[in-house]
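All of these numbers come straight from a predicted model, not from anything done at the bench.
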Amino acid sequence: MIKSLLVGISRFISDVVEKVTNKEPWYKYYGNNNDIKYPDMTIFELINKTAESYPFNYAYEYYGKKVTYREFIYKIKKCASALIELGVHEGDRVTICMPNTPVAIITFYAINYIGATASMIHPLSSSSEIEYYLNESNSKYILTIDLVYDKLMSIVDKTGIDKIIVSSVSDDMSNFKRVMYWFFSGRKNKIEKNDKAIFYNDLIKLGIDYKELQPVKKGVDDEAVILYSGGTTGSPKGIILSNMNFNALAMQCHIACDPAREGDSILAVLPIFHGFGLGVSIHTPLYIGMKVILVPDFSPRKFGGLIKKYNPNFITGVPTLYEALLKVKLGKRSLTHLNCVVSGGDTLIPEFKKQIDEYLRNHGSKAQIRCGYGLTECTGACCLNPRREYRDNSIGIPMPNMDFKIVKIGTKQQADFYQDGEICISGPTVMKGYLNDKEETKKVLVKHSDGKIWLHTGDIGCMDEDGFVYFKQRLKRLIVSSGYNVYPSYIENVLMGLSEIDSCVVIGVPHPYKKQVAKAYIVLKDGVKLTAALKKRIKRHCETNLARYSWPYEYEFRDKLPKTLVGKVAYKELEKENYV
């Protein structure tokens with residue numbers, strides 16, 4: 001009773017203060033930096049402005065080869081000219097199916113330069129997933145890594161693709177390392193020339209007239225990028241993001257991620273098909289004037305070596321990456337260069353944060369790991385713990401210029417402090433909507449009585465009186481495995497493609513390293529016998545039609561599945577069995 005009264009008084013006082021000052025409680029952590037003036041620029045124009053200010057700063061480093069901002073812009077313009085010669089027009093959608101390589105980043109900005117849209121997909125996606133993404137975005141062109149070429153060719157005739165641009169991880173390496181890569185790995189990737197394909201290096205030769213090319217002037221709210229996520233239903237959806245979304249994110253992160261400054265470096269291990277990777281680890285540092293260290297094939301076991309080699313000032317990653325860091329043996333002063341460490345994609349338990357902070361301190365870094373929160377529908381990041389204040393289990397405070405509120409589930413009514421409800425977000429990084437799905441867009445982008453459009457995240461959390469947000473759980477059935485989103489309903493649809501299966505359900509179960517993995521519960525049709533051959537067939541079917549990171553880790557066969565009173569599968573009962 002007393003606690004409820006105190007919370008009510010706190011909310012009343014806060015409401016009065018907000019009405020008088022027109023400020024939210026978290027504004028005090030940003031001061032005058034909360035009101036950002038966003039320029040009327042495209043994604044490319046914002047980076048070009050940085051290049052004009054710091055032409056001789058290094059824009060990126062790739063296997064030891066460093067490229068300045070001046071050189072970077074030159075490469076973008078030449079690529080843009082080549083794309084036009086190839087037939088790409090303003091308004092077209094071009095898919096990028098690449099790891100973190102210079103070619104991928106150059107092409108991303110070149111696509112924006114000519115007024116087209118970049119649709120970003122995972123190179124480890126299955127053939128059927130790639131087919132779906134290409135048709136959903138109506139892409140006519142795709143840039144892909146040579147390792148994916150055969151998989152792409154198996155489905156290209158089922159899509160509207162006119163041309164496949166083929167790149168290699170060796171493109172933009174130094175001559176010596178390119179030769180070494182070809183000798184040890186590249187020569188195995190043989191590609192037969194055909195009318196559909198063109199090698200990236202041959203494409204660039206078409207861009208000889210780049211000096212005459214002028215960037216296409218698009219509006220800040222025009223479509224610029226398509227990323228893929230789960231939406232509220234748990235099935236993959238294209239998320240349409242604008243120039244403003246990405247530029248606002250970069251400018252917000254610059255303030256929130258102090259002490260970021262030009263000339264610093266960031267280890268970019270998060271993939272570019274992910275909002276966190278593309279928006280926070282690539283576009284933000286390039287806006288600031290930092291050097292992006294591109295890592296195309298990151299694995300936790302390589303983490304220590306990368307830190308020793310590149311001495312980055314900033315690291316962004318998911319909790320599993322930092323678990324790997326704890327196992328790396330470094331000298332006592334090995335991390336003095338490390339100024340900022342950010343974790344997203346999953347929650348950080350307080351004990352784990354203490355272990356990371358102690359590790360950083362013992363190796364010479366003054367940084368503390370800072371937990372954040374975001375979703376692709378909000379361009380990847382929208383909440384981060386301040387540099388000088390942390391609260392256990394909190395995902396931080398809203399980014400500058402972003403508004404958060406917790407509403408009672410199923411309503412637009414704001415909840416009290418510390419009361420659980422749905423996290424809603426409003427601000428310049430909120431998406432334009434879902435690709436080809438107006439109904440789903442209407443469900444999550446909702447106008448409230450304040451006249452603002454609020455993104456209903458489908459995530460449950462609460463907020464304290466200072467504006468710190470606490471994430472509790474997801475309303476939607478989403479599995480987060482090593483920072484990757486895995487969609488149970490999508491896996492279930494793949495499984496149901498087998499004639500032997502009567503019903504199935506997929507849930508997330510605990511894993512000591514990946515946090516969660518997918519587990520499939522399967523009921524076979526009457527008369528179907530469970531044999532070793534059938535088990536193998538089911539597993540092979542999933543591995544053929546799903547990205548590797550979403551393969552079920554375990555298959556359990558049952559005579560029946562638990563049901564709710566209304567006849568739906570009671571997946572929560574299965575979750576309880578695995579979380580005892």
Next item on the list: Could you tell me which non-hydrogen atom of Pro400 sits nearest to which non-hydrogen atom of Ile36, and how far apart they are?
Entry: CB-CD1, 3.9 Å

Check: What side-chain hydrogen bond (donor to acceptor under 3.5 Å, both in side chains) pairs are there with at least one residue in residues 94-104, not counting sequence neighbours?
Finding: Thr95-Ser139

Checklist line | Minimum-distance pair of heavy atoms, taken over all atoms of His283 and Ala250 | finding: CD2-CB, 3.8 Å

Checklist line | Contacts of type ring-ring contact (aromatic ring centres under 6.0 Å, His included), residue Tyr133, not counting sequence neighbours | finding: Tyr228

Margin query: Taking side chain to side chain donor-acceptor pair (under 3.5 Å) as the definition, give me every residue that meets it alongside Tyr38, ordered by chain and number, with sequence neighbours left out.
Written below: Gln252, Asn401

Next item on the list: Mind checking ring-ring contact (aromatic ring centres under 6.0 Å, His included) for Phe273 and listing every partner two or more places apart, or none if nothing turns up?
Entry: His122

Margin query: Show, in sequence, the C-alpha distance, side-chain angles and deciding distance for Asp162 and Lys196, and conclude whether the salt bridge (Lys or Arg N to Asp or Glu O under 4.0 Å) test is met.
Written below: CA-CA 6 Å; Asp162 290 335; Lys196 282 278 187 182; 5.1 Å; no

Next item on the list: Determine whether Leu143 and Met98 make a side-chain contact, defined as any pair of heavy atoms from C-beta on separated by less than 4.5 Å.
Entry: yes

Next item on the list: Look at the aromatic rings of His274 and Phe276 and report parallel, tilted or perpendicular, splitting at 30° and 60°.
Entry: tilted

Item checked: Which atom of Ser482 lies closest to which atom of Val318, heavy atoms considered -> O-CG2, 3.7 Å

Notebook entry, point to check: Tell me, do Leu294 and Ile282 make a side-chain contact under 4.5 Å, heavy atoms counted?
Noted result: yes

Note to self: Just to verify, what does Thr316 make a side chain to side chain donor-acceptor pair (under 3.5 Å) with, not counting sequence neighbours?
What the structure shows: Ser281

Note to self: Does any part of the side chain of Tyr63, heavy atoms only, come nearer than 4.5 Å to the side chain of Ser170, both counted from C-beta?
What the structure shows: no

Checklist line | Contacts of type side chain to side chain donor-acceptor pair (under 3.5 Å), residue Lys151, not counting sequence neighbours | finding: none

Notebook entry, point to check: Distance from Ser343 atom OG to Ile395 atom CD1, nearest 0.5 Å?
Noted result: 12.0 Å

Check: Should we count NZ of Lys217 as having more than 12 external heavy atoms under 6.0 Å?
Finding: yes

Next item on the list: Over all heavy atoms of both residues, which pair between Ala116 and Asp92 is shortest? Give the atoms and the distance, please.
Entry: CB-O, 3.2 Å

Next item on the list: Output, in order, the C-alpha distance, side-chain angles, deciding distance and verdict of side-chain contact (heavy atoms from CB on, under 4.5 Å) for Val220 and Thr42.
Entry: CA-CA 6 Å; Val220 293; Thr42 63; over 6 Å; no

Margin query: Test side chain to side chain donor-acceptor pair (under 3.5 Å) on Ser128 and Glu131; report intermediate values, then the result.
Written below: CA-CA 5 Å; Ser128 58; Glu131 178 186 342; over 6 Å; no

Next item on the list: To the nearest 0.5 angstrom, please state how far the NZ atom of Lys218 sits from the CG atom of Asn112.
Entry: 9.5 Å

Notebook entry, point to check: Are Asn313 and Leu338 side-chain neighbours, meaning at least one heavy-atom pair lies under 4.5 Å?
Noted result: no

Notebook entry, point to check: Of the options Tyr109, Phe246, Tyr113, which is the one that meets Phe44 in a ring pair (Phe, Tyr, Trp, His ring centres under 6.0 Å)?
Noted result: Tyr113

Margin query: Distance check, rounded to the nearest 0.5 Å: Cys97 atom SG versus Ile145 atom CD1?
Written below: 9.0 Å

Item checked: Heavy-atom closest contact (Leu206 atom, Ile198 atom, distance) -> CD1-CD1, 4.4 Å

Next item on the list: Just do the side chain to side chain donor-acceptor pair (under 3.5 Å) check on Ser242 and Asn245 with the steps written out, would you?
Entry: CA-CA 5 Å; Ser242 67; Asn245 291 151; 3.2 Å; yes

Next item on the list: Output all residues satisfying salt bridge (charged side-chain N to carboxylate O under 4.0 Å, His left out) with Asp221, sequence neighbours left out; order by chain, then residue number.
Entry: none

Could you list the donor-acceptor pairs under 3.5 angstrom formed between side-chain atoms of residues 323-331 and any protein atom two or more places apart in sequence or on another chain?
unit_1, atom_1, unit_2, atom_2, d
Glu323, OE2, Lys515, NZ, 3.2

Notebook entry, point to check: Can you list the residues that meet the ring-ring contact (aromatic ring centres under 6.0 Å, His included) rule with Phe352, with sequence neighbours excluded?
Noted result: none

Note to self: Distance check, rounded to the nearest 0.5 Å: Ser137 atom OG versus Asn135 atom CG?
What the structure shows: 8.0 Å

Note to self: Go through it in stages, so that I can follow the logic: the residues are Glu223 and Thr117, the test is side chain to side chain donor-acceptor pair (under 3.5 Å), and I'd like the CA-CA distance, side-chain angles, deciding distance and then a yes or no.
What the structure shows: CA-CA 7 Å; Glu223 174 187 307; Thr117 297; 2.8 Å; yes

Next item on the list: Could you walk me through whether Asp172 and Lys75 pass the salt bridge (Lys or Arg N to Asp or Glu O under 4.0 Å) test, one step at a time?
Entry: CA-CA 11 Å; Asp172 218 40; Lys75 289 174 179 286; 3.2 Å; yes

Check: With a distance cut-off below 6.0 Å to the six-membered ring centre and an angular limit of 45° from the axis, does Lys66 pair with Tyr58 as a cation-pi contact?
Finding: yes

Item checked: Point-to-point distance, once rounded to the nearest 0.5 Å, from SG of Cys79 to CD1 of Ile204 -> 4.5 Å

Checklist line | 4.5 Å side-chain heavy-atom contact, Tyr60 and Ile106 | finding: yes

Notebook entry, point to check: Does the Tyr322 side chain pair with the main chain of Gly317, one donor and one acceptor, at a distance under 3.5 Å?
Noted result: yes

Next item on the list: Scan Val225, Ile96, Val88 and name whichever one has a side-chain contact (heavy atoms from CB on, under 4.5 Å) with Ile111.
Entry: Ile96

Notebook entry, point to check: Should we count CG of Asp195 as having more than 12 external heavy atoms under 6.0 Å?
Noted result: no

Item checked: Atom NZ of Lys353: over 12 foreign heavy atoms under 6.0 Å -> yes

Next item on the list: Nearest 0.5 Å please: distance from the NZ atom of Lys366 over to the CG atom of Asn339.
Entry: 9.5 Å

Checklist line | Pairing residues for Phe303 by the ring-ring contact (aromatic ring centres under 6.0 Å, His included) criterion, not counting sequence neighbours | finding: Phe298

Notebook entry, point to check: Does Ser481 reach the main-chain N or O of Tyr484 with its side chain, forming a donor-acceptor pair under 3.5 Å?
Noted result: no

Check: With under 30° as parallel and over 60° as perpendicular, where do the rings of His511 and Tyr553 fit, or are they tilted in between?
Finding: perpendicular

Check: Heavy-atom distance under 4.5 Å between the side chains of Ile293 and Ile266, does that happen here?
Finding: no

Margin query: When you compare the side chain of Asn385 with that of Ile397, does any pair of heavy atoms fall below 4.5 Å?
Written below: no

Next item on the list: Mind checking salt bridge (charged side-chain N to carboxylate O under 4.0 Å, His left out) for Glu543 and listing every partner two or more places apart, or none if nothing turns up?
Entry: none

Next item on the list: State whether the number of non-hydrogen atoms from other residues, nucleotides or ligands found under 6.0 Å of Lys309 atom NZ is greater than 12.
Entry: yes

Check: Heavy atoms, side chains only, cut-off 4.5 Å: are Ile130 and Thr144 in contact?
Finding: no

Check: Do you know which two heavy atoms are closest between Lys163 and Ala197, and how far apart they sit?
Finding: CE-O, 4.3 Å

Next item on the list: Kindly state each residue pair satisfying side-chain hydrogen bond (donor to acceptor under 3.5 Å, both in side chains) with at least one member in residues 284-295, sequence neighbours excluded.
Entry: Glu61-Lys291

Next item on the list: Step through it carefully: locate the ring centre of Tyr69, locate the ring centre of Tyr54, and say whether they are under 6.0 Å apart.
Entry: no

